[in-house]
Amino acid sequence: MSTMATTSLTTRIDSELKTRLQRVAKLERRSASFIANQAIENLVEEREATRELVQTGLMLADKGVSISPEAIHAWMHGPEDAPFPE
């Protein structure tokens with residue numbers, strides 16, 4: 001099992017948020033640092049994925065690729081597992 005190198009990050013958070021974080025950590029029998037690290041990792045992954053999707057959309061738009069508003073509307077209001085329109 002390999003471990004990743006770690007480093008320190010100092011930040012200020014609201015006192016009530018810190019209390020909530022500590023409560024969650026205690027309930028999950030983890031450190032507040034572990035819970036905060038998970039939250040930061042999830043946020044960073046979400047932001048990276050969003051940025052990648054935006055870049056892909058811009059690239060496709062530059063190539064003239066588009067999906068009709070009707071197809072998007074039907075997809076958004078269709079079944080949850082419906083494939084994205086071509």
Side-chain angles (χ1 to χ4, degrees):
M1 174 183 235
S2 65
T3 59
M4 296 179 69
T6 62
T7 187
S8 295
L9 169 69
T10 303
T11 186
R12 295 188 167 278
I13 62 171
D14 180 77
S15 297
E16 176 59 27
L17 179 58
K18 182 179 179 184
T19 300
R20 291 169 56 202
L21 172 62
Q22 290 170 328
R23 189 177 314 125
V24 169
K26 184 176 180 179
L27 289 170
E28 295 189 13
R29 298 177 185 222
R30 294 289 193 164
S31 68
S33 179
F34 178 86
I35 301 297
N37 190 66
Q38 280 188 316
I40 293 168
E41 183 175 3
N42 290 340
L43 173 73
V44 169
E45 287 175 358
E46 178 185 313
R47 297 287 173 92
E48 288 172 339
T50 298
R51 191 156 298 270
E52 185 178 324
L53 287 171
V54 168
Q55 291 301 318
T56 299
L58 291 171
M59 179 193 66
L60 291 171
D62 285 346
K63 291 181 177 183
V65 176
S66 66
I67 301 169
S68 73
E70 296 79 18
I72 292 292
H73 183 77
W75 173 74
M76 289 177 66
H77 294 344
E80 191 171 310
D81 60 348
F84 193 72
E86 294 287 326

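Numbers here are sequence positions counted from 1.
In this structure, Val24 and Arg20 have side chains that are not in contact, with every pair of non-hydrogen atoms separated by 4.5 Å or more. Using a 4.5 Å cut-off on side-chain heavy atoms (C-beta onward), Thr11 and Ile13 make contact. Counting heavy atoms from C-beta on, the side chains of Ile35 and Gln38 come closer than 4.5 Å. Looking only at side-chain heavy atoms (C-beta outward), Trp75 and Ile67 stay at 4.5 Å or farther from each other. Taking the side chain as every heavy atom from C-beta outward, Leu9 and Ile40 approach each other to under 4.5 Å.
At most 12 non-hydrogen atoms from other residues, nucleotides or ligands lie less than 6.0 angstrom from CD of Glu52.
If you take CZ on Phe84 and CE on Met76, they are separated by 10.0 Å, rounding to the nearest 0.5 Å. Rounded to the nearest 0.5 Å, atoms CG (Leu17) and CD (Gln22) are 10.0 Å apart.
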Going through the distances and angles, do Gln55 and Met59 end up as a side-chain contact (heavy atoms from CB on, under 4.5 Å)? CA-CA 6 Å; Gln55 291 301 318; Met59 179 193 66; over 6 Å; no

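Of all heavy-atom pairs between Pro85 and Ala71, the closest is CG-O, 3.7 Å.
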